[in-house]
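Report on the structure given below.
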Amino acid sequence: ADLRIALQSDADVLDPDQSRTFVGRIVYTALCDKLVDITPDLEIIPQLATEWSFSEDGKQLTLKLRDDVVFHDGTPFDAAAVAANIDRSQNLQESRRKSELSSVTGVEVLGSHVVRLDLTSPDATLMAQLADRAGMMVSPTAATQAGADFGLNPICSGPYKFKERVAQDRIVLEKFEDYYNADDFHFDTVSYLPIPDTTVRLANLQSGDIDMLERLAATDLAQAESDAGIQVASAVSLGYQGITINVANGDKADNPWGKDKRLRQALSLSLDREAINQVVFNGAFAAGNQPFPPTSPWYSKDFPVPARDVEQAKALLAEAGFPDGIDLEVQVPNTTIPLQLMQVVQSMASEAGIRISLVSKEFATLLSDQTAGDYTASQIGWSGRVDPDGNIHQFMTTDAGLNDSKYSNAKVDALLNTARTSNDQQVRKESYNAARAILNDEAPIVYLYHQTWIWALDSAISGFTPYPDGMIRLKGMKKEDG
Amino acid sequence: MSLVNTEAQPDLLVVQDFSLRFRGAPSDQINRVSFSVGSGKTLCIVGESGCGKSVTSLAMMGLLPAGAAQINSGKMLFEGQAMNLADPKAMRKIRGSRMTMIFQEPMSSLNPVFRIGDQIVEAVKAHSDATDAQARDRAVAMLQRVGIPAPAKRMRDYPHQLSGGMRQRVMIAMALVNDPALLIADEPTTALDVTIQAQILELIRDLQAETGMGTIMITHDLGVVAEIADTVAVMYAGTVVETGPAERIFNDPQHPYTIGLMSSIPQLTGARGRLSTVPGMVPTARNMPAGCRFSTRCPFARPVCTTEPPLVEIGDGHQAACHFAPLEIKLKESA
Amino acid sequence: MLSFILRRVVIAIPTIILISIFVFTLQKLLPGDPVLAMAGEERDPQVLEFLREKYRLNDPIPVQYFTWIGNALRGDLGISLRTNQPVLELIAQKLPVTIQLAAMAMIFALLIGIPAGIFSAVKKGTIVDYIANVVALSGLSIPNFWLGIMLILLVSVKWKLLPASGYVPLSEDPVRSITVMIMPAFVLGTALAATLMRHTRSAMLGVLNSDYVRTARAKGLVERRVILKHAFRNALTPIVTLTALLFGELIAGAVLTEQIFTIPGFGKLVVDAVFNRDYAVVQGIVLVTAVGFIFMNLLADVAYVLLNPRLRKQ
Amino acid sequence: MDAESAADPVLSARPENRVWKKFRKHRSAMLGGVLVTFFVLIALVAPILPIPDPVATDWGAVRKAPSAAHWLGTDELGRDVLSRLVWGAQASLLAGVVSVAIALGFGVPLGIIAGYFGGWTDAIISRCTEALLAAPFLILAIALAAFLGPSLTNAMIAIGISATPVFIRLTRGQVLSVAAEDYVESARAIGLSTPRILRRYILPNVLPPVLVQATLTVATAIIAEASLSFLGLGQQPPSPSWGSMLNTAKNFLNQAPWMALWPGVAIFLVVLGFNLLGDGLRDALDPREH
Amino acid sequence: MSDNILRARGLKKHFTTGGVVMGTAGVIRAVDDVSFDVRRGETFAIVGESGCGKSTLARLLMRLLSPTEGDVIFDGIDVRNLKGRDLTALRRDMQFIFQDPFSSLNPRMSVGKLIGEPLETHFPDMSGAERRAKVSELLDKVGLRPEHAERYPHEFSGGQRQRIGIARALASAPKLMIGDEPVSALDVSVQAQVINLLGDLRDELGLTLVIIAHDLAVIRHMSDRVAVMYLGQIVEQGTVDTVFQHPRHPYTRALLSAIPVAAYGQRLSQTALHGEMPSPANPPSGCRFHTRCPYAQDRCTSQAPTLRPTGNGEDHVAACHFFADIAAAEPDPGRVGTPPRAAGASARFALYQDAMQERANVRSGQDQKQQAEPKPFHQQESST
Ligand SMILES: Nc1ncnc2c1ncn2[C@@H]1O[C@H](COP(=O)(O)OP(=O)(O)OP(=O)(O)O)[C@@H](O)[C@H]1O
Ligand SMILES: Nc1ncnc2c1ncn2[C@@H]1O[C@H](COP(=O)(O)OP(=O)(O)OP(=O)(O)O)[C@@H](O)[C@H]1O
Ligand SMILES: [Mg+2]
Ligand SMILES: [Mg+2]
């Protein structure tokens, strides 16, 4: 049987070392196995590695590997393959996994199926990285042969192998019969079909043209639920959405919004995040004020989602010297949801005297303006990572890659670095809480909400488990004939 | 000169009291027009531009744009039978077979995208069960007949490959291929120069003599009329003001308009004095004078001219619609 | 005829070069860095810089252009920055789709537009004419995405008559391929049908008054033959010219329709490529569409000559 | 010769009057005129109409069906659809009219120059026209939006520029036939200067079909603004335009069909209005029509 | 008098065609080596079959077309290289009347504008009021009323429109007027009006006229000298009387014999000329007329005849190798006059003339020229 899954957009290049998109990762869950995987509760569990352990100093990670695994091209999976993969991720010039594996200094093949990674320093995020693209194993034979063109014909060791791809139309995978756990996978082929329009995506499911879709629009939830032929599953995502404010990125930061945290606090206070969730997302998403959703263990309970306080916001404005209100220009991606969201924000903020004007830009422009510091405030989000570090470190530490706000605070840097290198959960948690105390006050990013992944499936499909990472794991999924 | 004895035959086409009005016009464009033509004979209709010559002929063919005009009175007898202009089916049967027409503009009257052969063959097949080959043979024969050299080869030509004279000959071939009893030629030579014109007129004359076909020739060139007419009808503003045998019309015109027309022709011999003119222009339907339609331009107009003058017989079938015909006598009387 | 075509082709070359320069420059002027746009959430400055070098994005624009055109002349249109697929392969994948969609839309438009145009010209001023015009104008004014989604909701979801989207190559399953394309082709065709209808109407109105149509009637031909053979054949020239122009537009212009019916054609490809600043892809498509555009116009000129004996060689 | 004047058919009405008269008699053109005038009026008087603020949100009344309080319902942010429709008329009509004005402003002069002078001038203009036709509209739109900001004005400029080639072609073709007219040669024979001939002889005579095409393009431009909004380059939120309203409504076709219905109907009516107007104008200007 | 106002020398105009679409560029020799002189104050006529190059020749004279070869000298100025101001000046002195009164007036301009325009161009110092007065005067001159300035061309009949065209041409006070078939599109009665008008104007203003026509009666009526064209070349030239009485070129003979006479009993006995005019894209070798010439001999197919004097008056020239032989064999075609009308009819025609005269006199208060006796159109001064 064929499983047809509608994706919101087309995947980019199908090379785990080069790829960048969320939908690409969805395809990889079927195509490429990783060293480790996660549970819905974000615990790390075995996949290609059966066991692993850190050395005392946390600078060595030893992994035991499955010995019954072959790549789709027949190349056996072993310790050498792991070494080759790590090497590729670090040294292929096009690789985008370099920073994820930056702590790894060397790979030691200890046995045919035992391997050791040597680290510069303890790295708390490493296991989570290995549970994602950095941990995906590609066939070293194929990789050497194809080089940077590997993505045209990806060869991994997952339960499905690459069959064909027509850009913007479909990516088709077929069952890999030599998969070690082939019996748990019940579809002969899986097709991923990019259908960008949410209404059309749902219509396709309703008309039976597809079996499943990801990212159902929150506003379509009620309708999908009322349709007997459709079941819905959801999970709060790992990411967040917010407004990034330019505090030190070039000349444009040189304005009250960049200089005075009280204005940013006022903006945050002027918003009713729950109402935003209700109006824009029918209440299906989660209001938020931190990089992690309130449901996350990493969420700092000391700073709950603030209630709206227009008076307080006004007071802050007055204190900052703007008793008559102040203007703010926010750039927004030119798509429906961000525009709608920002119009609500606009409307709410105006009651506190913050007059927001929206400039919608098409994403490429928005992104380059944001990196270049050519903005005052920007509505943007982050898709989220399994490890908390992924949601905060690169945004808030000095000179970090994604720190477009150019926020810089030595204390925050120290705290986040500590959290990164400690394997002690308690230490990490406290560091994050301490950093939160500062960031909440300074508010370079005003967090707004956390998306909920919503999947809609044909009701004949069983065995689907929603994960907060938004992936579709095909293991155990079945479709009853009917 | 006619090979067919037409003496005993009734008139081929008789038009009586024919009136027609365009939609929305305040007066009849064609007002009580009567004329007739016999087999083998040629009737010339002359008159100034815009006086209604083409409208009349198109009406006879049932080719006026649908809904554009309404026929207010009159009857038409063709080969002894009354024609019903309101019956498109019956008209279509006659049209192109018994009664055919050639138009003024040889350049635009042939369909530019079809071979002339096919256009003639189509005319044959529209009115008979002839096979393709038969129709083709007839077309070739007809082209030969109208004086087109190498007709079988010419059949494959497109209209633009022919000169104006040749095109007009093709039109004539198309009109004659079904042996019509009556040919209506609406200014067939106006667009051609004199040498070609002479050829065409000779052709029509010959064909007529040969087949006994009746012809209505519409023109405002009196030279052409003198050349070809048996009888002449002079039209002015939708009325027939004078009609009769050609000889009488030329040598003894009665109506002031006919006289004016004749006087305004430059001559090839004699003194070259100032030309006499008919001043003014044909009235349009909107400002049609009551009574005699020529009265606004007539040098003899009197109060009585506000009543419609009847077409009175002067003799030999010569009729004129003027209160003062014959002028030289009547005017003296009234003076 | 052959030399005519040859000359037209020769004239087309500078046009195509001009177009490619124009589009190339315009693209380069767009804000947004292709490498950054593609990087999305993962912006490793080192990798970005490497990619810029690799795709020669740091070269001066004229150098980039000459590199590109040099490769293009050797049949290498470069690769997509986003998916690494060769542009030529992408085009080969999309072209049949686009042509099928455009052709089907055109067939719809012709089947509806021309008869409607003839009919309303013949019945000018009657209620039939009036209704035909209003319907045509509605076709012209309804936005494609609106009509498209409405059709999906009704025909696919409610009545389950036709598949909502997807594309199957004609070679794979002709029946399904055509079924799937019916709705998008219809949506795309409506506005075209309206345009064609109105042009057919006015061309026919002009021709119906002509002398040769009168001649055809004078021959005693039945009205249907007069209109369909004599009048329509002559009205055809402007319609053919227009059809070619529209077909050229269709090849690149079906963006929204493709988006809604998820048809993997040129329109969607070029839109995504533009948004991702996938220059090679945009440039490749523009090149192909320009060629197609010029080819259609060439066809129109040939048809024009064939339809119009006056232009044929003696 | 004065005798002639006696029988002169005195046609008192001046041609302009006659065009207007024919136009007024043209039933569908009048209907078109009424439609367009209606929407123009609405756009003009929007500020004084007793309707809610088009950007006032109401979290309690999100996506409410038409009711006594909101005649045409509310949108996804609880704003009154009727009010947004009325306020959006201005943006949409402007998009239609201004972009066509731009297209006319560039297309007609260039077309005239190409058609009248021919040769190299023509070759250059024609090749550039082709280049413009082959360039994806989107690139143009984004470039303009990026350089000038994604505002309504720039959407109008983008639409205008992209519609220009059609006008160049149309005008050029028309000029080719008008320039061959005897009266143009007569103007040369009289000794008029070329600019004067272009202005007084060519322009007025190429204009009628161009004007008719323009009214058709007004319609296309309104829809193009909708499409540009669909791509996020039209009227900026929260200000309404019919296009952006439709664009948003597209996501709620299931839950709130009225959100899409009304702007759709409005666009249809305006487009219809302009087309009928165009038809009437063409008929009124065409001497063969009566 | 022998003051030549206009001289054409070796004029040629070759059009290339077909190049655009079909690639078969052909050369149409529309005018091929034409020379003649026009004397100040005379009426010079050019006749010929349709398509023989008459209009092209006229446009060359006006410099509406540039000649492929040859010169036009107007009043001593070589017209060929005139530009800008000088060209404007030329166009002030030389004016054109178009064949088609329906298409040669801009339908969107009022008559007043149309006539005022040449005034604006050529007399820029004229005030608005002066100009309006001048327009009224011109309208009056061509027999229209000043109120007509408000109206638009389509409100006029063909004859009236032709008068507007004439008024327009007169506006710049030209010395020479070229009429390209100014009366061919008109029917007889209107044609007579326009012919009279042109004659009057010539007398009154001392204009020189060059008239192109294919109606020989019209030409005979209006002009002093005539040139007969065939396929781009002049084949015969001379005074009207000589050419009409003693035609020497076989083509002229054929033309004259093909004119139908508007008098009963004057039927032509036979077709004057057979065949079609050859295409100017592919003219016959030798004498261009040989393909249709009843007298053609071998020599005609190879050797092109040149214009040479016939001996009938100093100006009469013809381009035929054998005109002397032909003239000897065939007598000059005498023109039979109109047969006498019946007495009543003659009286009627006389009455008509008188009545017309009277009618004109009634209005003479406002229009002097109408009361003049039917002046002989043919001017004495022009005959040599
Ligand atoms: N379809 C029509 N609707 C209204 N009036 C018309 C129509 N057709 C012709 N007329 C008018 O009828 C009158 C007679 O026209 P007709 O064509 O018969 O003139 P004609 O005598 O043939 O002139 P010509 O010598 O120029 O051919 C004209 O005034 C013309 O304007
Ligand atoms: N612009 C042009 N391009 C090509 N050929 C032309 C052009 N103008 C005229 N001709 C050709 O030159 C020849 C002479 O044309 P011209 O108009 O001078 O003839 P004419 O004697 O005035 O004819 P008519 O009596 O029909 O007006 C014709 O064969 C014509 O087709
Ligand atoms: Mg007529
Ligand atoms: Mg001519």
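Reminder, nothing fancy here: chain letters follow the sequence lines and each chain counts from 1. Values in this document were obtained by computation on a predicted structure and should not be read as measured data.
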Inset, instruction - Using non-hydrogen atoms and a 4.5 Å limit, figure out which bit of A:Gln223 sits close to chain D: side chain, backbone, both or neither. - result: side chain
Inset, instruction - Go through A:Leu358, A:Thr336, A:Thr219 and name the one with the most non-hydrogen pairs under 4.5 angstrom from chain D. - result: A:Thr219
Legend entry - Proximal to chain A - members of residues 59-76 of chain D, heavy-atom separation under 4.5 Å: D:Trp59, D:Val62, D:Arg63, D:Glu76
Legend entry - Any D:Leu77 side-chain heavy atom under 4.5 Å of A:Gln340 side chain: yes
Legend entry - Side chain / backbone / both / neither for A:Leu202 at chain D, heavy atoms under 4.5 Å: side chain
Inset, instruction - For atom CH2 of A:Trp257, decide whether the heavy atoms of other residues, nucleotides or ligands shown that lie under 6.0 angstrom number more than 12. - result: yes
Legend entry - Pairwise distance OG1(D:Thr57) to CE(A:Met348) - rounded to 0.5 angstrom: 7.5 Å
Legend entry - Under 4.5 Å from a heavy atom of chain D, the part of A:Asp220 involved: both
